[in-house]
There are 2 protein chains.
Amino acid sequence: MVPGVGDVFRALADPTRRAILDELQERSGQTLFELVSRLVMRHGLTSSRQAVSQHLDVLEAAGLVRTRREGRYKFHDLDTAPLRAITDRWRIDPQEDPCASP
Amino acid sequence: MVPGVGDVFRALADPTRRAILDELQERSGQTLFELVSRLVMRHGLTSSRQAVSQHLDVLEAAGLVRTRREGRYKFHDLDTAPLRAITDRWRIDPQEDPCASP
DNA sequence: ACCATAGGCAAGCAACTGCTTGCATGACAA
DNA sequence: TTGTCATGCAAGCAGTTGCTTGCCTATGGT
């Protein structure tokens, strides 16, 4: 069940989901409740547990979040690999080439 | 009226809009009718003129498409600059560093 | 056993999206 | 002007989305 390309773009379309990715990038391996409280504290969002859970389902289906279970905890990790589909599709000219030789 | 970050992500969420970006990347400066016919021919899409026009509005609002008028024609050009918001936000590790010094 | 905690499932609802339909505008040609 | 071509505008409609509500499962602590 490899995620389709469209799933990645659709997953990024929601601001709450983007905030979740931001949060997971800053602190990897958060649980659902941890994410909910940190989204409220640091991003000013007021999303319920179920809402965040559904967002995480979408992100996981898109391959942007990987999960691992330990006991009754489920940890979430960011995976930026699917984002390559974007940069590879429409060639983004580098803003600055660090190894330019003039 | 600089486009917000969310506009870029939302604009990319639709498969028809992504096909439009593909088409504009391949052939720059297309008109509305040109885009419609080429979307049908090369991408198997059956979008009406009005549908494509509305998609172009969304893409232009996101800053991904720039337009220029000449007489009764309106030409559309791709602008990939807003896509940097994605790669800059979640640091994508380079798949290969061309100037690595081991 | 009992209870609290972490998470899952599913139906219902309001809001949004993409598309169609129909008409209007503006530019060029005969 | 009259007609045609390229595009613009706006209302309405069906499908989707994000969220809530309510209940359920499972793990760990006491």
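Remember, it's a predicted structure, so these values are computed and weren't measured experimentally. Proteins get letters first, then strands, A, B, ... in listed order; numbering begins at 1 in each.
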Quiz item: Do side-chain atoms of B/D88 reach the backbone of B/A85 as a donor and acceptor pair under 3.5 angstrom?
Solution: no
Exercise. Using a cut-off of strictly less than 4.0 Å between a heavy atom of the residue and any atom of DNA chain D, enumerate the qualifying residues of residues 48-57 of chain A by number.
Key: A/S48, A/Q50, A/A51, A/Q54, A/H55
Quiz item: Nearest to the side chain of B/D14 - D/dC19, C/dG18, D/dA6?
Solution: C/dG18
Practice problem: Locate the shortest heavy-atom distance separating A/T16 from A/S47; write the atom from each residue and the value. | Solution: CG2-OG, 3.8 Å
Self-check item: First of B/Q30 and A/T46 reached from the 5' end of DNA chain D, by closest nucleotide
Solution: B/Q30
Quiz item: Rounded to whole angstroms, how far apart are CG on A/L32 and P on C/dC9?
Solution: 13 Å
Exercise. Take the protein atom CZ of B/R18 and the nucleotide atom P of C/dG18, then report the distance between them rounded to whole Å.
Key: 11 Å
Quiz item: Considering only D/dT7, C/dC19, D/dG18, which nucleotide approaches the side chain of A/R17 most closely?
Solution: D/dG18
Exercise. Grab the CD-P distance between B/E70 and D/dT7 for me, whole Å please.
Key: 12 Å
Quiz prompt | Presence of A/R10 side-chain N/O under 4.0 Å of D/dT17 phosphate oxygens OP1/OP2 | solution = yes
Quiz item: B/L45 has an atom CG; how far is it from atom C1' of C/dT20, in whole Å?
Solution: 17 Å
Quiz item: Under 4.5 Å between any side-chain heavy atoms of A/V52 and A/L39, yes or no?
Solution: yes
Quiz prompt | Note, B/D77 side chain near B/L24 side chain (heavy atom, < 4.5 Å) | solution = no
Self-check item: B/H76 and B/I20, any side-chain heavy atoms less than 4.5 Å apart
Solution: no
Quiz prompt | Sugar-phosphate, base or nothing in reach of B/T31, heavy atoms under 4.0 Å | solution = sugar-phosphate
Self-check item: Side-chain (B/R17) to main-chain (B/A11) donor-acceptor, under 3.5 angstrom
Solution: yes
Exercise. Take atom CZ of A/R69 and atom P of C/dG7, then tell me their distance rounded to the nearest Å.
Key: 7 Å
Quiz item: Looking at CG of B/L64 and CG of B/L12, how far apart are the two atoms once the value is rounded to the nearest 0.5 Å?
Solution: 5.5 Å
Quiz item: How long is the line joining CZ of A/F33 and C1' of C/dA4, in whole Å?
Solution: 11 Å
Practice problem: Would you tell me if any nitrogen or oxygen in the side chain of A/K74 comes within less than 4.0 Å of OP1 or OP2 on C/dG8? | Solution: yes
Quiz item: With a non-hydrogen cut-off below 4.0 angstrom, is B/Y73 in contact with a base, only sugar-phosphate, or nothing?
Solution: sugar-phosphate
Quiz item: Has the side chain of A/R72 got a donor or acceptor that lies under 3.5 Å from a partner of the other kind on the base of C/dT5?
Solution: yes
